[in-house]
There are 2 protein chains.
Amino acid sequence: MKPKIDDVAKLAGVSPTTVSRVLNNRGYISDRTKEKVQKAMSELNYFPNDVARSLFNKRSNLLGVILPTTANPFFGELTFHLENISAAKGYKMLVCNSLNRIDKEEKYLEMLLRNQVDGIIVGTHNRGILDYHKQNLAVVAIDRYLSETIPVVSSDNYEGGKIATDLLVSQGCKNIVLIDGIGDLETPARLRRKAYEEIMEELGLRPIVYEIPEVFDRESQAKVIAKLFKEYPDVDGVFATNDIFAASFITMAKKMGRDVPGQIKVIGYDGTESVQSFLPELTTIQQPISTIAEIAIELLLKEIEGEFQDIPLETRLPVKLLKGTTA
Amino acid sequence: MKPKIDDVAKLAGVSPTTVSRVLNNRGYISDRTKEKVQKAMSELNYFPNDVARSLFNKRSNLLGVILPTTANPFFGELTFHLENISAAKGYKMLVCNSLNRIDKEEKYLEMLLRNQVDGIIVGTHNRGILDYHKQNLAVVAIDRYLSETIPVVSSDNYEGGKIATDLLVSQGCKNIVLIDGIGDLETPARLRRKAYEEIMEELGLRPIVYEIPEVFDRESQAKVIAKLFKEYPDVDGVFATNDIFAASFITMAKKMGRDVPGQIKVIGYDGTESVQSFLPELTTIQQPISTIAEIAIELLLKEIEGEFQDIPLETRLPVKLLKGTTA
DNA sequence: CTGAAAGCGCTTACAG
DNA sequence: CTGAAAGCGCTTACAG
């Protein structure tokens, strides 16, 4: 069996209270006692049981993160940063892949509450459904508005959409199409689309939007893009609101014998490490993923500590144009 | 404050014991009592505290996973599957990104032990360092030999290496170079290299291996590949032991004005969803990621349940050639 | 069919 | 400087 605090106490010839004290570096303990206890601990290979500690302290040092799927490079990278930053601050991370499904999200939320997480980072889209605040739990959202009181961290989506659209326009594209996912209309990521639509209208051009219903399914992407080519054969510029859609479009364009960027310019969004490795020629808007993670954790820890005063409700981080050769 | 079992008991006019019984569906309870209790629970919005339950049950239903980084698409996808399968079986997942650093790995292992995880999935390379078995904890390794007694699940690396090398040879390549990571010599993934070396030697060709020291760093990859081009300008075939290296090579080849596959054929390894989206033209050996995850969890749960009899020490899953246009 | 008591492995006032 | 007692929120024999 695993040794417990009583075993250590017995071996060291002290009380469990004293062992707990050296464990927590709390109160006065003579050096001699401390040494005895530490010797006993290492002899028994003792590690304190954090479950018991959490129960008493009402603090689990556990964070939950709910996102669509770590299989998507953006979220895979985000998870890496969130976890790494949390670990450095003494928190552990329970990861939940909801695939944007509300039923899963609700189950995960309940699971996290039962497990007494100290806070949750949410990167999925279901506004309102999850009554986070009622539980008065620390929550930070990434790129999603969850309620009036939950802080949101995101890249500057409007600016990103503007840079992308402006770039296509400045390169002489006349028939610029947006490829977007289906989602909540009130998500900050929709600002990418909003910027596109507003700029197009300002220029007297008609905004054309194609929506991909099953965001993570290549078939679904291909189907919509095929439709796009059929209905708008004269497309000469594409802004995809994520790099996977951009890549799908380029693949399809090649199949159709269209030259990118010769006949069609393409620009994506996200700029993950993965896309930089696999498709470095893609021109894209890069999100500052590690900064997003840093700030999200920072705000969450503030909430956990009860420092609500200096928590901005919205943080928009600057994006960067990664100039490849596709636009 | 969060309601606890006593609050529910009081509201329902029963004892905590009875509430616990309806919670766990255990022992006889009259329908009327059950209803009263359930009504009280929903009225109070009560969720049991799993920390307290874990403490008593000596079962956390927590699994730990230690891997290099979810930022790498292979591990991002693996994590997604591991987590999803675990969730379906009632387990939660603590994710640890070790970046292959031994110090981090040790810290994470201790953290997981303190948190009383029921089992651990390990996808990092540090053989022996972690005395998993001494703690007699349920452990399953993915693509790593950790000790004589820890079951390993992997793709059929030798077969994958063979398919890749054979393909290059059959396409007439004479100067075939392997690009590999640096790592433990005894990891199953090394069988990819072994297959390459053996086939080359059988054919009277000289195996040439380039090792990338900082696996996740594009700079490091670029440096080694530049060296490769300098030392072996007549390279006409490349087998990269992962798709990121393959992509890096292709990118560099383009920069050098070499045509792939015209002058150099390239084949990678992994075949993730990401690479299929971003670089579908890459010919690669696809690992059955979801099956690896399924079997790893299945074996881990068996260990947790104490069913050691039918746990194979090594499981090699079939790979599949994804024929693109680069080889 | 239901409840009082003890205990899971810790920690923290409170004494001394 | 150190220890005995109570309690964190549950569950499970044991009675009744």
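In what follows, every chain begins at residue 1, and chains take the letters A, B, ... in the order their sequences are listed. As the structure is a prediction and not an experimental result, all values here were calculated from the model.
Annotation: side chain of Val140(B) is in contact with side chain of Glu303(B) (closest heavy-atom distance under 4.5 Å).
Under the 3.5 Å distance criterion, with hydrogens and angles disregarded, a donor-acceptor pair is assigned to the side chains of Asn115(A) and Lys92(B). No side-chain N or O of Lys89(B) forms a donor-acceptor pair with one of Asn61(B) less than 3.5 Å apart. In the model, Glu105(A) has a side-chain atom that pairs as donor or acceptor with a side-chain atom of Thr124(A) under 3.5 Å. Between the side chains of Ser20(B) and Thr17(B), no donor-acceptor pair of N or O atoms lies under 3.5 Å.
The pair Asp103(B)-Arg101(B) counts as a salt bridge, with a side-chain nitrogen and a carboxylate oxygen less than 4.0 angstrom apart.
Between Ser30(A) and dT2(D) there is a side-chain N or O to OP1 or OP2 distance below 4.0 Å. Contact check, Thr18(B) against dG3(C): a side-chain N or O comes under 4.0 Å of OP1 or OP2.
In this structure, the CZ atom of Arg59(B) is 24 Å from the P atom of dG7(C), given to the nearest Å. The separation between Lys34(B) atom NZ and dT2(C) atom C1' is 15 Å, rounded to whole Å.
With dA4(D), dC1(D), dC1(C) as the choices, the nucleotide that has an atom nearest any side-chain atom of Tyr28(A) turns out to be dC1(D).
In DNA chain D, runs of at least 3 stacked Watson-Crick or G-U pairs (N1-N3 plus N6-O4 or O6-N4, or N1-O2 plus O6-N3, all under 3.5 Å) give these stems: C:1-3 with D:14-16, C:5-12 with D:5-12, C:14-16 with D:1-3.
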Sugar-phosphate or base contact per nucleotide [nucleotides 8-16 of chain D; S, B, -; heavy atom under 4.0 Å]: BBSBBB---

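Within 6.0 Å of the CZ atom in Arg316(B), the count of heavy atoms belonging to other residues, nucleotides or ligands does not exceed 12.
Contact annotation for Ser54(B): no contact, since no heavy-atom pair falls under 4.0 Å across all strands.
Looking at Ser86(A), its side chain never comes within 3.5 Å of a backbone N or O of Leu63(A) through a donor-acceptor pair.
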